[in-house]
Amino acid sequence: MLMSIDSISKSYNAFPNPPAKVLHDVTLNIDAGEAIGLVGESGSGKSTIAKCMLALIKPEDGAITYDGIDVIHAKGEELRRFRREVQMVFQDPYGSLNPRMTVEELIGEGLLIHKLEPTAAARRKRVAEIMDMVGLNPNDMDRYTRSFSGGQRQRIAIARALVIRPRILVCDEPVAALDVSVQAQVINLLQDMQKKLNLAIVFVAHDLAVVRHLCEKIVVLHKGKVVEQGSRDEIFGNPRMPYTQSLLAAVPVPDPVAGRARRAARRLETAN
Amino acid sequence: MTAIAQPATTRRKEGFSAFEIFVFTLVIALLVIAVFGPFLAPDSIYNSDIANSLMPPSAANWFGTDDQGRDVFWRLIVGAQTTLLSAFLVVTLYSLIGVTLATVAAAGPRWLDEGLMRITDIGLALPGMIVALGFAAAMGASLRSAIIAMAITGWPITARMLRGIMRQTMEQPFVAGAQVLGVSKWRLMTKHVLPNSLDVLIVKWAGDIGTTVLVLASLSFIGVGAQPPSAEWGATIAAARGYVSTAWWTVVAPGAAVAITSIAFGLLGDIIQVRRDPSLRGN
Amino acid sequence: MLAFRAYSWFLGRRLGLTLLTLWGLASLVFLMIKLMPGDEAQMAAGADASAAQIEAVRERLGLDAPVIMQYLSFLGRLLRGDLGTSIVTLQPVLADLEKVLPSTLELVFVAMLLNLAVAIPAGIIAAYRQGGVFDTTSRVTAVMLGGMPAFWLALVLQYVLGSVWRVVPISGQQGYGMNSPVVTGAPTVDALIAGNFAGFFDTLHHIILPAAVLAALFATQIFRTLRAALLGVLRSDFIMAVRAKGATARHMLVRHALPNSLNPVLTLSGTQAGAMIGSAVLVETVFARQGIGAYMFNAVAQKDAFAVLGSVMFIGTVVCLVNLIVDILQLLVDPRIRAAQLGSQGQ
Amino acid sequence: MRTVHPMPDQSTVTPLRPPLVTVDKLTVDMPLGRSGASVRIVDGVDFSIGVGERVALVGESGSGKSLTARALMRLDRLARLSGRVDFDGTDLLKLSDRDMGRLRGSSIAMVFQDPMSFLDPLMTIGDQVAETLRIRGIGKAEARKRALAVLDELGVDRAAQRLDAYPHEFSGGMRQRVVLAMALVGEPRLLIADEPTTALDVRVQDQVLDLLDDVSTRRGLAVLFITHDLGVVAGFAERVMVMYSGRIVEDGEVASVFAKPSHPYTQGLIKAVPRIDQDLNTLYAIPGAPPPPLARPGGCPFHPRCDQRFERCDKDLPMLLPVGLSRVACHLHDGHQHDRKGA
């Protein structure tokens, strides 16, 4: 077990109103090299869990342990190692890259601050390698991200996260803002990288079809609680909880015959 | 999903309109006058020549002469340096204070942020010119006092605005990305947050020069700023105040100089703002 | 219940901030006193005070005590309403200022009316016909007026309208022989109380130009803010939805854009009400009106430092209180601003 | 200069029902700054919608789908429109602003993507729904009564009590119902729905789709449904039009387009969508990204991303021509396939 999240809770201050509790006793584990999907609707707390896993916010209760590090209280060398080994990719390809840095500076920043490559030339070489690996042209290294498309930006974001060889990559809705025709490229890239680098991927999404495609293990969240978790086959083939069932039933299918049949069946069910 | 999204890729450079070129020329001309004016002016304007006092505008004295018989036009040229230099000094000083406080507030712990912002609230709630007047009067009426007084009362708007923008920038995903990467607080603020927050300030800076010229002239007029025989424009108006009905040019000319300078820098600020964000066009 | 909690929280916060601001102001004024060059007792006693008089003042103000004690006793004196003593009039500053405050408030009130009466319709028309002739002219006018020094504008208009064209009186607050018995200290009100209608119109005639000059400065801000807010709202998504219902441009403006744009304007006019009192310094003296601005101007001219700093304290306090009152009024009068101020915790 | 085809009946799929709207060579240009230059976002679009027909308009960012929809109602004040939009025998693009205003809300209505930003935050729900009627001079009580009836019809709980509530007091799904009520209260014949479910959770999306389905059947309402989600299209629409780079590239019955897409873009799009009912090892990915309107490639705009491109594709712009029961704009289907074999 690489990371364990043990019954964490989190509330947000809404003064003068009473605080809003967004996570209730959430527990889940991540093994090395596995892809795990956190799915839920808006307000399910999935992004809050991702932020806790990245130590961007601290839960009030519970514990998060990564490879022997107490994440919530980590300091100094321990925190530095955690920051090197757990990385993330965000939803918004426009807001997630500093517009005042070149592609080289963006991707090379991790190498620089973790002192992984001593010289600028060596860093540059590593940046070129990783750009090539994620399907970017290394000649674009000196450009700013302004002129890149959403899909290319997500590749840059992935390269920036992966260049320091993390062991966990947390992806918060990484394809939700992309065009349909580009979405598949990024999903395939993530899948590819996971296999090549033996990376654990935590994939936060509202789109169950994408999660089904990418993740072996699924955690279904609803109103800050884990409703159901299990393997892909369990969740999609034989969901036990009514919430999971209703969620799956509502996903539209790009096939008129199957789609109409699914909707007709569902309406019949609700009518009864 | 709207088709006209993608501002990044459709951004285009546009040429300058005639109006914009006019404003740029005006600002540059003012700066040139401020820098070189005193070297060009004839020595005679520093001495009084009572025989020629309060002469109306003529070929020899374009804007006429004042009560001391000095040429009004050349005194304006010489005064431009004092006026603009003081304004630049004031804006630079309070911008430095504002930027420092905003950065500390944005980067620091919550209690420090709260504390600094309450102090800023106090500064914002008080009438700035009156407090500056008090400081300048207490320190002994002089141009130096007025500059210091304006610098210590001018920073709250900058601090409040910049701190707000920095907090917004810190909400941007790329800042969380840098934190996840493990960058130090110093690098986070200087490399990621500040560069992406400062450009609003640059817009404000141009407009602030215009406002500062106005307030400085007001303080001099009230009597706590530059003192006669300084050629600073506000002091010039104050000195000429009694002659408005007998020699209107002694009052109109320096006031127009203040107005033109303040309007020119104000317009410069507007132009930069519209260039940064074309959706504001026409505002 | 929740609303009550939100209200008391808002009011408590607002009151607390006002108290904090007054304390900050007092500290600044104390700092100003300490910044004064020379011997404070000598200054307070006046230039031709004897050594014994100076010592008496030193004793009274506790100037031999440590600074922190001086600060505390200074705050104590402020709480008792002691703003210091003018070395020119030899009167307590507060007593001097109380006499002239109504006159200033009258000027500010008329200026505020003029300001809103001109700027709000102008802002609406300019936004309604964006890019049109009215829009362009009023924007140019706003830029010009906003860049002009108020005292200079006062001097020039006084000369042109008062001396050359003689449309308005040159200065003063009422004509010769028009005096009414002083009751409130505000000439227009006093004339009304006395039933002296000729005197009332005379005072209005005197106030119109100073008020207009004061208003000009602030009207440009209201105009620009309202126009920008209206245009911003007109660009927003829900206006497109209103268009899709088939509404006319006029309906959109009046029924949707205006209500959604007024909040920043009201907030600004609240701040302006206070700032106008400060700006009276620039206008009152030019028109030889009585008022706290003129009082302060004279104090500067006569190097009456305690009167100046007392005035700073006084004007600052009035501004804080005016801001507080305006904020509470806004909250009470308009339920929409109430919703915006208190935040919407619905869902 | 393109040649103008004189026979509109040939280039338009005959709808099953009499046409309600016929759009002919519609272009939309958006101005760029004040330089007078503009960019063509929608480039000569032809289509028609039958009475009571449900048509989906599918496209990615920059394809011009939203602007096409808004052009039908002339909602973008900055947009410059040309072509014809024939509604019930009148050309909407030639109407005066006043007449167009009368048509909006009563003949054609629209619902939008993000219900919250399309509601006036300071006006009660009841007033906003009734507004469409009030604008047309209907009395306050009557308008309120009809607003209530529509809100009831759309399943807003306790509608009578909530007429005086403000938008922020409603949940996302309820807000979308309110926006829908605003559109339907004027009893329009065409409803334009611009990504009405994109911002909603799947379960709420499902409810809104059902609702839209019911209402359009019950009222015989034609719906033009703008979306980027092919799943939604398959479950809701009868006909689908695929837009790419400002043009329609394929237009046909939903069943036949999904079963046998003709345009390589449509083919790729359908294969690229991950599906809840299937396991696949790798998704098909269309290379590259949709071009921004200022950088559209010459020839067929899709050719740089197309895996079936041949010689002609980067030179000639393919026309939208009948292929079977559909219309397709692709050189593979314009009767010159032999060119490809020859190449």
Part of D/Val233 lying under 4.5 Å from any heavy atom of chain A: neither

Shortest non-hydrogen contact between A/Pro256 and D/Phe258, atoms and distance: CD-CB, 3.4 Å

Counting only heavy atoms not in A/Arg240, do more than 12 sit closer than 6.0 Å to its CZ atom? no

Hey, are the side chains of A/Phe236 and D/Ile276 touching, using non-hydrogen atoms and a 4.5 Å cut-off? yes

Chain D: which of A/Leu248, A/Asp192, A/Val182 shares the most heavy-atom pairs with it under 4.5 Å? A/Val182

Rounded distance (nearest 0.5 Å) linking atom NE2 of A/His213 with atom OG1 of D/Thr282: 6.5 Å

Please tell me if the side chains of A/His206 and D/Val202 come closer than 4.5 Å, counting only heavy atoms from C-beta onward. no

Residue selection (most heavy-atom pairs with chain D, distance under 4.5 Å) from A/Leu214, A/Asp207, A/Val180: A/Val180

Inter-residue atom distance D/Ile286.CD1 - A/Gln183.CD, 0.5 Å rounding: 11.5 Å

Heavy-atom pair count under 4.5 Å with chain D, highest-scoring of A/Val186, A/Val257, A/Val251: A/Val251

Ignoring hydrogens, what is the shortest heavy-atom contact between A/Ala184 and D/Ala272? Give both atom names and the distance. CB-O, 3.7 Å

Proximal component of D/Leu209, with respect to chain A [non-hydrogen, under 4.5 Å]: both

Please round to the nearest 0.5 Å and tell me the distance separating atom CZ of A/Arg212 and atom CG of D/Asp277. 7.0 Å

Against chain D, label A/Gln185 side chain, backbone, both or neither, depending on which of its atoms sit under 4.5 Å from a heavy atom there. both

Interchain contact, A/Leu247 with chain D, by part (heavy-atom threshold 4.5 Å): both

Is A/Ser246 close to D/Arg203 at the side-chain level, that is, under 4.5 Å between some pair of heavy atoms? yes

Give, as side chain, backbone, both or neither, the part of A/Gln191 having an atom under 4.5 angstrom from any heavy atom of chain D. side chain

With a 4.5 angstrom heavy-atom cut-off, which part of D/Gln207 approaches chain A: side chain, backbone, both or neither? neither

A/Asp179 and D/Ser61 have their tightest heavy-atom pair at OD2-OG, 2.7 Å

Between A/Asn188 (side chain only) and D/Leu283 (backbone N and O only), is there a donor and an acceptor less than 3.5 Å apart? yes

Which pair of non-hydrogen atoms, one from A/Ala209 and one from D/Pro274, has the smallest distance, and what is that distance? CB-O, 3.4 Å

Nearest heavy-atom pair of D/Asp206 and A/Ala250: which atoms, and what distance? CB-CB, 4.0 Å

Does any heavy atom of chain A fall under 4.5 Å from the side chain of D/Ala259, the backbone, both, or neither of them? neither

